[in-house]
Every structure is written in C-alpha cells, then in structure tokens.
Amino acid sequence: MQENIKNEFLAAKRRLFDKVYGEFLNPEQRRAVFTTEGPVLVLAGAGSGKTTVLVNRIAYIIKYGNAYFSDNLPEGVDADTVEALSAAYQLPPEEISEILPQFIEHSCPPWQVLAFTFTNKAAGEIKDRLLTTFEDSAVASSIWAGTFHSVCLRILRKYGERLGYKPGFSIYDTDDQKRMVIDCMKALDIDEKRLAPKAVLAAISSAKDKLQHPDDMDVGSDPRGRDIRAIYNLYEQEMMRNNAVDFDDIIMRTVELLQDEDDIREYYQRKFKYVLVDEYQDTNYAQFVLTALLSDGTRNIMVVGDDDQSIYRFRGATVENILNFDKTYPEATVIKLEQNYRSTANILGAANAVIANNSDRHNKSLWCDKGDGERILVKEAFDQNDEGRYIIEKITKWVIEEKRRYSDFAVLYRVNALGRSLQTTFAKSGIPYRIVGDMGFYDRKEVKDMIAYLSVVASTGDNLRLKRILNEPKRKIGKATEEAVEQLAQMNGLSMYALMERAAEFPALEKSKEKLLSFVALIEDVRGNAGLPSEMIKYVFERSGYHQMLVAEGREGETKTEHVMELVSAALEYEKRMEESEEEPTLMGFLEEVFLISDVDKYDDTADAVVLMTVHAAKGLEFPVVFLAGMEDGIFPSEQNRMEEAEMSEERRLCYVAITRAKERLIVTYAKSRMMYGRTVWGRLSSFIREEVPDRFKEEDRPRREPPRQYGGYQRAQYRGGSSVSREFSRPPEINTAGSAKKSGPSGYGVEKLPVGARVRHATFGDGVILSSKDMGGDVLYEVRFDSGVTKRLMATFAKLQKI
DNA sequence: GGGCGTACACTTTTT
DNA sequence: GTGTACGCCC
C-alpha cells in the first residue's frame, strides 16, 4: 500500500468522523470525544453539553476504539462508513471495502469501559443511549457504568472474602452506623453527653474518606480526639464482626483490596482500557485514589467536572482533585467547555454574578448565544403559605396560557424542611407533583424491621440487625436475655445467631432457650423457603407474627402494613426490572438497591408532574422553569455556614447550581415571615440575590393584602384573586397515563381494575383519586392521591379500594 | 419483661 | 412540632 494513499484514507476517515460528530458537537466537544488516549481533564461549565460528550465518547470508544488518532480503521466497518469514505475519496465502495481491513484497529469491547456517574439514574441514561446507538442490549449491559458505590460494591461482592468478609455481608446506613457508634461508646464507657455520637460518626466518616484507619489519625494529645480514635477502633472491629460495611467502607475497602492484592489490581487494570469519571469536582480522596488505581493500566482516564459546582465538601469532596489533575497527570489534555446551551443570557448572567464573588476558583465564564430571555422574577411573599400559593398560581397560569406540561416546572430549595411545608400547599392545589428526598419509606420502622429480617437471613453474622428484630414482634426475649447472648457470643467468638443455635449448651440460657431456638427456627424456615425477594418479604411478614402484631394495633397498624406492602411492590418492581435485563433477581441484589438507590434515582421524569427537591438533589438536572423558594438570609445561605469563608463559598456554588438548572425562566421567592420548627422567623431576601445587578430582575407586586397584626391568634389567611385560581385547582389533575395503560383487564383477584382518574374510597385515608395503576404479579399497584393531600401507593388486594 | 409517661433533641446538604 | 430514649412502675 502506498504511503500517500494511506494518508489520504486517514484524512478521509477523520473528515468522516468530524462530519458524523460535527453535526451536533462543537469543536471543543469533538476534541473531548476523540481524545481517547491518555489522561483528559474536561472542565465543563453548567449546561455545556457534558452529558452529550460523555455518552458520545463512550459510544465512539466502543465503536471505533482509538481509530481517530491511530493509523487504522476499526473492525466491522459498516456500510455507512464505506459509503461515506467512498464519497469522500471518490472511490467505488468495493475498492474501499477491499483496502479498509489493512487499516483495522480493534474497536473496544464494552466491558473494557468503566464510567463513574454521580447517580444511578445517569448511569441508566448512558446505558439507554448505548442501547439506541447499538441496538444491542449486550453492549449496554456489559459496560460498567454506575456510581462509585455500586461499582465498588460489585468488586467487593466478588473479592470481599480476601478482606475477611463473608458472602452476603450487610450494608449499614447512617442509622445503623449511629447505633453502632452508640454501642461502641457504651462499651468504652464514654458519655454520650460529653461526646455526641453524631460528631464521632462524622469524624469516622471523614477519616475513611481520607483512607485513614484509627492509627493514621493525627489526634495528638487531644482527649476528645483520642476518644474518637478509640471508638473508631472498636467500630472497625465490630463492623467486621457483624460482617457489615458502611457507605464509606464500600469505597475505602475496595481501594485497600486493589492496593494490597496484586492479582486483583492487575486484573482490573488489564480489564479497564478506558475510565471515565463524571462530576469529578465532587469526588473525595478515597475516590481519587480509586480512579487512579483502576485506570493505571492504560492511563486512559477522562474526568469531567466543574469546580464551580462542587457542593459536597461536607461529605469529604475536595476540589483539589480537579484543580490538581494536571499535576497528577502532567501529560493530561485539558479541554474547556464554556458554551452554555441550556439557559438564557439573563439566567446565565445571574449565575455568573453569584459565582464571581468566590475568590477560590478557576476563572472561567460561561457564555451563550441565546437571547436575554425573560427577566428573573423576584417575589416577596408574606409567609410560606403565600409563597406556596404564588408558585401554584404561576404554574397553573403557565400551564393554561403557555400550554406547558407540569413536568416543565421544578421547585428547588436549600433544606428539606421547606419541601415539607410547600408540600401541604401543593397537596391542596390538585396539581400533580412529586417530592424528592422526603423521608422515604425505607426510613420507617416497620420497613427497616423487614429489611433487618432479610439481612439476618442473608447474613447471620449481622448482630446489629438481629438485635433489632429479636424481640420485634414481642417474643418475650428481653434485654437480659439479649445481653446474655451477646456476652456469651463474644466470649466464644461466635455471632449471636450462631450462639443462639447452640442455646441448649449454655446453662445461662436455660430459661430462654426455647424462645431463642424458635427464633432460629423462624430464620431457617425463611431461608428454606427462599424464593423471590417479594415473596420472602411477604413470608417473613406473616411467619414472624409481624403482620399479626400490626393487625392488633388497629388503624395505625393498617398504615404500617401498607408501608410493608410498598416494600413488596418495590421488590416486585426490582424483579420485573431484572427480568427485563435478563438478570437473576436475588435478595442481595434487592437489598443493595434499597441502600444504594437514592431518591433522585427513583424520581420518574416521564410523569407529568411538578417536582420538588433540594438543590443538591437537582444537580445534573435541568428544567424549563425553575422556582427557587425560600431565598432568605439564614436559609440560603444557611445560617450555619455564614461565618466561615470556605463554607460561604460552597453556599455560593450551591446557589450557582440552583440558578443554572433553569433553561427559560427563573423565579426567586422568599417569605417575610416563615414558620419553621414551630417558630416564626422574619427574613429578608438572600444576600446572593441582593448582590446582583438589579436590572436583571423584575419584582413582582407585593401581595395585596393586609399583613396580620399579631401571631398566634386565629388568622385565616386569605388570598385575593384566589377565587378564579381555586376553580382551576379543582380540575382533576392531569397525569401522564401513557406508561400505565398497557395491560388492563381483570387483575386475577376478582376485583375490577379501576381506571386512572377514578374516585375511590379507602377505609383509613378517605376519598381520593387514582393517579396511576400498574399490573404487578397478578395484583395491581395503584397510586392514589387522597383529598387529605397524601399520595399513597397501594396494592389492590390490601387497600380494598371502593369506587365511588 | 413490658408498657407508659416524660424529657429532650432535632433540622443543612447525601451515598 | 415530632420522634425517640430512658426511666419508672406494674
């Protein structure tokens, strides 16, 4: 082959790639997609098409390997490529096909690509895009894409035994960790009053983020620090004894595994040819080490981030990772994406102005070629109810006048407490809405108890969860027995469960051995009847007597039963998903989801509903219209963070993230008086907004209403002009039913399946309207909004809904 | 061993 | 305003 022909081919090839990607990528984005080899740092401003780059880069890598830079062409060149090359070089296709194989380089198998995303949802989106690109489910399912926690857990499940974990080890959430810390403090005789368990937990967590063991902590002669170190020490031992990992362990232990076990490290370094990390500004030290270890086979690591959007400092994230990337990787290519495709100039200007007040940042400035757009609305509300009503009024108005969907709107706020108060107003309005990050049902006692049962079935070494359910429901196994078992277990080097199995051998347990053995029999019974997770939950619920206990509780117990049934529905949904992706549904898999799937992951963006969430939860999302509620000094920026410079910077970045979520319209609201935690506080507009250029804003009229003269008394809030609004509110909510209208018909329980929109009556919750229905394992899962304002997901068999 | 009462802590953001 | 923890009494 002559050299010049080859070169011409290569040029033609590059033109082809540029043409294919050039249609929707700007030159910098294209560079980020094509620079597959070596370390790459992409500084991507808000809305600069970072996700597009990430997805296209992955698709490109899988399809063409490093074909852009190599002197070769990929294997399996498709007809399109041949045709395009043929057109570009003016040669007949047959000739192209004939010569092409000589330039072939391997394309990259999908399982050699590892992508860390910030949410499971983002990982899912990458897989979806790959599915549409390749139309091959094997490609999407064999790529490793997920959060740090899910990727690490996958590794730990495979090799955890090297670290001393037994199969089926438990995952402890913050709640479990706190119990653990309290237990350790008791054992060490450290007074909770003197040292708050919460502070200890925070110290342990931050040590783990820095990969520090107790001995690595620098505590000097500080008695407090020494106590913390002692607690941490015991905590680590106890975690091992319980065969459990906490969220920080999931990362830290994986790093240790890779550092200490040469064969495992080498295996993964050979396996992963390309590593990508999204939201790099929010990684902590442990995660930094992890990504470095996993990508060191090829050093093909690409990180994407924006130092202005670093909002997880409180959880150990360090901007240094992104600021020092080019020091760690001197050969790194640095690419800046500064064009914003999301927002109008007014919105962007406001965002730039807020962030400009931070001194500790890379200087960069976003620009866009969209017009100014509308001015930003600032609304002073009288109190939080007024604020809520204003938001609802606007949404209703725009839905009607501008034919917008409810899902075009998002309401963002600094603290969850604000979401709760807005929720009451939304509930009354009839507008369909979702709230992200509200106390989920996984936090409820009855649900946690069920999970504890399942955890013990999966891993009998889990003493903490065993203690939780040992006497729940009541089995006459009291504190004294529990302590005796715990002590004997410790003395004999056994788990509590293992000791209970041998209760008969210990004279001290003479009185309680029957009860203990029957508890063991219960767990064994469940294990013996292990089936699908959903079935196991139902089985445990009945066999343990938990259901009976709730029935005896009456009305309150009924609600709790429904919560357990929601857990069953979640398990059914999990099983369905596994079936779709042809994976095995397992108890372990389900438990992992319960712990690792965040609230944002669960939020369904196809539903036509307004979404309410914290600014943290909104990271990475975008909406045509954004309401930023509760913009008062003391709330945003948070009172706690107003003193320290570094924390104030983080508040500003958070505000920057909030503003840049908006595409077309931003409305800032604040309340002059706000009830929070049972107290009324007076507030004024956030300094972040006051610092702004005034002509970017348009102030709304103040409420035409006399403020009440005093508090405490009965002061019925009235809202002028409300009559026309409330008429609109009373329309039945419009919700997208496209996804749920698949299979209707009898549900197999002899109960007629109720249509979406039907009015129903429930014994406990009263009257309501069906928002959606889903067939589920022979049963039907309804989502019902009751007139009281609550939205519940109910299984038809249990809810006994009556059509009215 | 269990149930009931009172006190008090808790609200920043999350995997 | 709300949930949990602990202590006291049966």
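So you know, we letter chains A, B, ... as the sequences are listed, proteins then strands, and number each from 1.
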From CZ of A/Arg313 over to C1' of B/dT14, roughly how many Å is that when rounded to an integer? 16 Å
Under 4.0 angstrom, heavy atoms only, what part of the nucleic acid is A/Lys198 near: base, sugar-phosphate, or nothing? sugar-phosphate
Touch check for A/Phe148, heavy atoms < 4.0 angstrom, all strands: base, sugar-phosphate only, or nothing? nothing
Of the candidates B/dG3, B/dT13, B/dT15, the side chain of A/Lys474 sits closest to B/dG3
For A/Glu192 and B/dC10, give me the distance from atom CD to atom C1', rounded to whole Å. 15 Å
Looking at B/dT13, does its base get a donor-acceptor pair with the side chain of A/Arg315 below 3.5 Å? no
Looking only at the aromatic ring of each residue, does the gap between the centers of A/Phe118 and A/Tyr312 stay below 6.0 angstrom? yes
Side chain of A/Phe247 only, please: which of B/dT14, B/dT15, B/dT13 is the nearest? B/dT15
For the student: nearest non-hydrogen atoms of A/Phe314 and A/Glu650, plus distance: N-OE2, 3.9 Å
Rounded to whole Å, the CD-C1' distance (A/Glu472 to B/dG1) equals 14 Å
Indicate whether OP1 or OP2 belonging to B/dT13 is found under 4.0 Å from a side-chain N or O atom of A/Ser638. no
Starting at CE of A/Met675 and ending at C1' of C/dG1, how long is that distance when rounded to a whole Å? 8 Å
Can you figure out which of C/dC6, B/dT13, B/dT15 approaches the side chain of A/Arg414 most closely? B/dT13
Report yes or no: is the cationic atom of A/Lys513 (NZ for Lys, CZ for Arg) closer than 6.0 Å to the six-membered ring centre of A/Phe506, at no more than 45° off its axis? no
Could you walk me through whether A/Lys448 and A/Asp173 pass salt bridge (charged side-chain N to carboxylate O under 4.0 Å, His left out), step by step? CA-CA 11 Å; A/Lys448 288 204 139 188; A/Asp173 64 12; 3.0 Å; yes
Do any side-chain nitrogens or oxygens of A/Asn471 fall under 4.0 Å of OP1 or OP2 in B/dG2? yes
With salt bridge (charged side-chain N to carboxylate O under 4.0 Å, His left out) as the test, would you mind laying out the steps for A/Glu593 and A/Arg577 before giving the verdict? CA-CA 12 Å; A/Glu593 285 213 356; A/Arg577 234 172 322 111; 2.9 Å; yes
Which listed nucleotide (B/dT14, C/dC6, B/dG2) is nearest to the side chain of A/Lys476? B/dG2
Choosing from B/dT13, B/dT15, B/dG1, which nucleotide comes nearest the side chain of A/Ala480? B/dG1
Find the distance A/Lys511:NZ to B/dG1:C1' and express it as a whole number of Å. 11 Å
Selection from B/dG2, B/dT15, B/dT14 that lies nearest to any side-chain heavy atom of A/Phe314: B/dT14
Can you tell me the distance, in whole Å, between the CD atom of A/Glu593 and the P atom of B/dT15? 14 Å
Need to verify one output field. Residue with the more 5' nearest nucleotide on DNA chain B, A/Ala617 or A/Lys178? A/Lys178
A/Lys186 NZ - C/dC6 P separation (whole Å): 5 Å
For the pair made of CZ in A/Phe595 and P in B/dT14, what is the distance, rounded to whole Å? 18 Å
Is the phosphate of B/dT14 approached by A/Asn416 (side-chain N or O, under 4.0 Å from OP1 or OP2)? yes
Quiz item: cation-pi between A/Arg674 and A/Phe382, 6.0 Å / 45°: no
Could you pick out which residue, A/His616 or A/Lys515, lies toward the 5' side of DNA chain B when each is mapped onto its nearest nucleotide? A/Lys515
Short side-chain N/O contact from A/Thr481 to OP1 or OP2 of B/dG1, under 4.0 Å: yes
